[in-house]
Engineer: 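One structure is given below, represented as structure tokens, and several questions about it will come after.
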Amino acid sequence: MTAGQLVKLLEQGLQLVGDGDRADLRRRLGQAMARLQDPSIRVIVVGEFKQGKSKLINALLNAPVCPVDDDIATSLPTIVRYGDPASAAVLVPAADTPAGDAAGPPPEDSVERRPVELSDLPALVSEQGNPGNSRNFTAAEVCLPRRILTGGLTIIDSPGVGGMGSAHTLTTLTALPTADAMLLVSDASQEYTEPELRFLRQAMRITPSVAAVLSKTDLYPDWRRVEELDRAHLEQVAPDIPLFPLSADLRLEASRLQDAELNSESGFPDLVAHLRNDVVGKAQRIQRRSVSQDLLSVTENLRLSLQSELEALENPGGTPQMLAALEQAKTEADELRKRSARWQLTLSDGINDLIADMEYDLRDRLRRILREAETAIDQGDPGPVWTQFSQWLEECVAAAVSDTFVWTSERSQWLAAQVAEHFAADEVALPVLHVSESGDALDPVDQMPELDPGRVNPIQKVLIGMRGSYGGVLMFGLLTGIFGMALINPLSVGAGLLLGRKAYREDKETRLKRRQGEAKALVRRQLDDVTFQVGKQLKDRLRLVQRTIRDHFTEIADEYHRSLSDSVAAAQKAANSYAQEKEGRMRDIRAELRKVDALHRAAEAVAAEVSAAGSRSAAGVG
């Protein structure tokens with residue numbers, strides 16, 4: 001069933017609900033309509049710097065939409081979606097709205113679009129034309145009339161994540177909860193590094209739809225050996241991650257020459273098939289299933305009220321028994337609402353436990369980093385290598401924070417499932433939780449302060465030695481003066497040299513200990529700042545999770561209670577109706593029921609179609 005047919009079904013549902021008292025059902029159908037009218041299926045392309053991400057997107061779309069350079073190029077996320085005619089725009093923060101993060105696009109209502117020439121876009125989003133994002137753009141957006149983008153496919157070119165362990169990696173991870181799939185790009189120069197595999201494991205816990213791309217196969221003759229090693233690594237992470245060896249240059253040349261054989265050799269047809277069938281196709285199936293579930297729920301609620309009233313009109317003698325059954329169901333619904341304290345208690349206790357566990361998890365990870373950092377400081381002089389040490393610490397902290405955020409996101413989903421168990425045995429939809437959005441988690445944390453490198457110039461060395469040797473010369477000079485020798489003699493000079501050397505060593509050791517102490521103090525202060533800032537943000541996000549889950553399940557309970565209350569009221573009204581009004585009302589109810597049943601059957605057909613498509617897809621994979 002096409003999206004247009006689903007829209008018609010939703011419109012029929014809205015007509016059936018009408019402008020009556022069921023604002024809850026209208027709201028549900030309205031949300032389903034909004035989801036259906038925004039068919040974006042987002043695929044984010046990630047990887048370390050200079051792995052060929054931008055050229056891969058250019059080759060996939062056969063358009064120079066992303067900057068390609070020998071130096072670090074992309075400094076902003078570039079969003080590419082379907083549009084005719086082709087156009088481009090940069091997104092800037094709206095008034096009183098902070099800029100978005102560096103990996104994913106910001107919310108639609110927080111930005112303003114400024115149209116730009118398509119040819120000018122690469123300079124605006126590159127490090128060369130916009131160093132350090134000095135123009136304060138949040139993202140760039142490109143619309144192209146490309147067949148591959150039809151159906152809602154949206155491709156996001158993310159900035160490189162240096163070393164897969166820096167704060168940029170944390171920012172990239174935050175974009176994944178809003179993405180439907182991820183492409184991890186790594187070139188054929190070497191097999192996967194440990195940071196890349198670590199990032200992949202984290203990404204798999206956030207979005208299960210992950211594929212890998214081996215780029216630049218035309219530049220490295222031994223790329224098949226690298227492919228074999230990469231496939232072995234992917235097998236250890238997850239057995240079903242596909243790997244696509246590609247050559248963007250061959251793809252672009254094939255497009256220029258219109259050479260199908262060269263295009264096949266580039267490897268891109270397999271990637272295109274994956275995007276169409278496994279990404280777009282799967283997302284559309286999920287969307288159709290969601291719409292069908294909304295329609296089924298709404299029609300069941302509508303049918304309950306209409307059927308109760310019809311039975312009361314058709315069988316007045318059975319009305320007391322039916323009213324008693326409905327009142328019993330209403331009482332159970334009332335009890336469910338009164339027992340909301342039970343699931344709300346589960347939610348409250350779960351959030352409190354989750355906050356405590358999150359704080360422990362974060363502190364435990366940072367304490368391990370602190371112990372490792374102090375051990376490294378004790379083993380050498382931190383002064384000369386402080387820049388490299390600070391970078392290592394930043395990467396370790398970013399990795400620890402991202403692990404905590406991903407873990408917290410998983411626990412939040414688990415908590416939502418625990419709350420859902422308090423409801424009916426039927427499947428209850430879980431709320432969408434984005435606790436992993438942690439792109440700005442480390443923004444309030446200051447950079448590591450500088451440390452004295454501990455360098456001593458030759459003049460300072462001489463002065464330190466002279467201070468230490470002065471006492472030796474004087475002491476031994478006076479001692480040898482008893483024997484008639486001059487104050488300065490070979491013995492006193494030798495003693496002065498020995499003591500001066502000893503004084504220099506002691507001063508050097510003292511300065512080293514002082515630098516080590518200062519370095520440890522700086523590390524502790526930095527990690528304490530991270531704990532404070534990140535802990536606060538995590539608590540805020542978990543409170544938001546609590547409110548989201550609470551509102552979601554309160555709405556479900558209220559909807560069920562409202563449907564039963566309306567059914568009781570309709571049956572009571574029917575029992576009290578005059579005989580001459582009954583026939584007309586019964587005809588109206590039967591007509592409404594036929595419409596509701598027809599919509600219900602159409603929703604069931606959509607659900608069956610989605611289930612069958614999913615089974616065929618699973619069989620194809622198997």
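Keep in mind that this is a model prediction, so the values were computed, not measured.
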Engineer: Within the distance-only criterion (no hydrogens, no angle test), does the side chain of D230 pair as donor or acceptor with the backbone N or O of Y192 below 3.5 angstrom?
Structural biologist: yes
Engineer: Quick check: do V226 and Q190 have side-chain heavy atoms less than 4.5 Å from each other?
Structural biologist: no
Engineer: Please collect all ring pair (Phe, Tyr, Trp, His ring centres under 6.0 Å) contacts where either partner lies in residues 210-248, sequence neighbours excluded, each pair once.
Structural biologist: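 Found F244-H274.
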Engineer: So L9 and V606, side chain to side chain contact (heavy atoms under 4.5 Å, CB included) or not? Walk me through it.
Structural biologist: CA-CA 10 Å; L9 291 180; V606 174; 4.2 Å; yes
Engineer: Using modelled atom types and a 3.5 Å cut-off, is there a donor and acceptor pairing between side-chain atoms of S87 and backbone atoms of G83?
Structural biologist: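 Between the backbone of G83 and the side chain of S87 there is no qualifying donor-acceptor contact (under 3.5 Å).
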Engineer: So which atom in A373 and which in V523 form the shortest heavy-atom distance, rounded to 0.1 Å?
Structural biologist: CB-CG1, 4.1 Å
Engineer: Output, in order, the C-alpha distance, side-chain angles, deciding distance and verdict of salt bridge (charged side-chain N to carboxylate O under 4.0 Å, His left out) for K55 and D249.
Structural biologist: CA-CA 8 Å; K55 181 174 281 191; D249 288 330; 3.0 Å; yes
Engineer: Between the side chains of E227 and R231, is the shortest nitrogen-to-carboxylate-oxygen separation below 4.0 Å, so that they form an ion pair?
Structural biologist: yes
Engineer: Closest approach of N263 and R251, non-hydrogen atoms and distance?
Structural biologist: OD1-NH1, 2.9 Å
Engineer: Could you tell me the separation between the CG atom of L415 and the CG atom of L542, rounded to the nearest 0.5 Å?
Structural biologist: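 Answer for the CG-CG pair, L415 versus L542, is 9.5 Å.
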Engineer: With a 6.0 Å cut-off (strictly less than), is the heavy-atom count around CD of E261, excluding the residue itself, greater than 12?
Structural biologist: no
Engineer: Test side chain to side chain contact (heavy atoms under 4.5 Å, CB included) on W392 and Q388; report intermediate values, then the result.
Structural biologist: CA-CA 6 Å; W392 169 82; Q388 294 87 339; over 6 Å; no
Engineer: Does any non-hydrogen side-chain atom of I148 lie less than 4.5 Å from one of L275?
Structural biologist: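 Touching, per the 4.5 Å side-chain cut-off.
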Engineer: Do E196 and S186 meet the criterion of a side-chain donor-acceptor pair at a distance under 3.5 Å?
Structural biologist: yes
Engineer: A side-chain contact here means heavy atoms from C-beta on lying under 4.5 Å apart; do L200 and I241 qualify?
Structural biologist: yes
Engineer: Is the closest side-chain heavy-atom distance between I79 and R42 below 4.5 Å?
Structural biologist: no
Engineer: Any non-hydrogen side-chain atom of F199 less than 4.5 Å from a side-chain atom of L184?
Structural biologist: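 When only atoms from C-beta onward are counted, L184 and F199 do touch, with a gap below 4.5 Å.
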Engineer: Which residues pass the salt bridge (charged side-chain N to carboxylate O under 4.0 Å, His left out) test with D364, not counting sequence neighbours?
Structural biologist: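 Here the qualifying residues are R368.
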Engineer: Quick check: does any side chain N or O of Q51 sit under 3.5 Å from a backbone N or O of D187, one acting as donor and the other as acceptor?
Structural biologist: yes
Engineer: Is the shortest side-chain heavy-atom distance between D361 and D357 below 4.5 Å?
Structural biologist: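 Of all side-chain heavy-atom pairs linking D357 with D361, none is under 4.5 Å.
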Engineer: Does the side chain of I156 come within less than 4.5 Å of V80's, by heavy atoms?
Structural biologist: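 No, too far: nothing below the 4.5 Å cut-off.
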Engineer: Rounded at 0.5 Å granularity, tell me how far CD1 in I155 sits from CG in L60.
Structural biologist: 4.5 Å
Engineer: Hey, could you give me the CG/CG distance between L183 and L56, rounded to the nearest 0.5 Å?
Structural biologist: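 Reported to 0.5 Å precision, the distance equals 7.0 Å.
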Engineer: Thinking salt bridges, do R146 and D84 make one under a 4.0 Å N-O criterion?
Structural biologist: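 Salt bridge: no.
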Engineer: Taking all atoms of both residues into account, what is the closest heavy-atom pair of L214 and L243, and its distance?
Structural biologist: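 For L214 versus L243, the nearest heavy atoms are N-CD1, 4.0 Å.
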Engineer: Nearest 0.5 angstrom please: N62 CG to R147 CZ, how far?
Structural biologist: 14.5 Å
Engineer: Any side-chain heavy-atom pair from S209 and V279 closer than 4.5 angstrom?
Structural biologist: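 Heavy-atom side-chain distance check passes, below 4.5 Å.
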Engineer: Sort out for me which residue in I41, L61, T154 forms a side chain to side chain contact (heavy atoms under 4.5 Å, CB included) with L149.
Structural biologist: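 Testing each of I41, L61, T154 against L149, the sole residue satisfying side chain to side chain contact (heavy atoms under 4.5 Å, CB included) is L61.
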Engineer: Using every non-hydrogen atom in the two residues, find where A376 and F389 come nearest and quote the distance to one decimal.
Structural biologist: CB-CE1, 4.4 Å
Engineer: Inspect the contact between R225 and E228 and indicate whether a charged nitrogen and a carboxylate oxygen are less than 4.0 angstrom apart.
Structural biologist: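 Yes, charged N to carboxylate O under 4.0 Å.
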Engineer: Counting neighbours of CZ on R201 that are heavy atoms of other residues, nucleotides or ligands and sit closer than 6.0 Å, is the number greater than 12?
Structural biologist: yes
Engineer: If every non-hydrogen atom of A603 is compared with every non-hydrogen atom of S292, which pair is closest and at what distance?
Structural biologist: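 Minimum heavy-atom contact is O-CB, 3.5 Å.
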Engineer: Please evaluate residues D157 and S54 with respect to the criterion side-chain hydrogen bond (donor to acceptor under 3.5 Å, both in side chains), reporting the C-alpha separation (whole Å), side-chain torsions for both, the decisive distance (0.1 Å), and the verdict.
Structural biologist: CA-CA 7 Å; D157 180 22; S54 298; 2.9 Å; yes
Engineer: Rounded to the nearest 0.5 Å, how far does CG of L250 lie from OG of S264?
Structural biologist: 11.0 Å
Engineer: So, R365 and E372, do they make that salt bridge, N to O below 4.0 Å?
Structural biologist: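 Looking at E372 together with R365, the answer is no, because their closest N to O distance does not fall below 4.0 Å.
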Engineer: Donor-acceptor check, side chain of R81 to backbone of S40, threshold 3.5 angstrom: yes or no?
Structural biologist: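 It does not hold such a pair.
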Engineer: For residues T217 and P245, report the shortest heavy-atom separation together with the two atoms involved.
Structural biologist: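 Result for this residue pair: CG2-CB, 4.0 Å.
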Engineer: Are any of the side-chain nitrogens in K539 or E359 under 4.0 Å away from the carboxylate oxygens of its partner?
Structural biologist: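 E359 and K539: salt-bridged.
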Engineer: How many angstroms lie between CD in E253 and CG in L262, if you round to the nearest 0.5 Å?
Structural biologist: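 Separation between the atoms: 6.5 Å.
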Engineer: Let's go through V46 and V185 carefully: what are the C-alpha distance in whole Å and the side-chain angles of both, what is the deciding distance for side chain to side chain contact (heavy atoms under 4.5 Å, CB included) to 0.1 Å, and is it a yes or a no?
Structural biologist: CA-CA 6 Å; V46 304; V185 181; over 6 Å; no
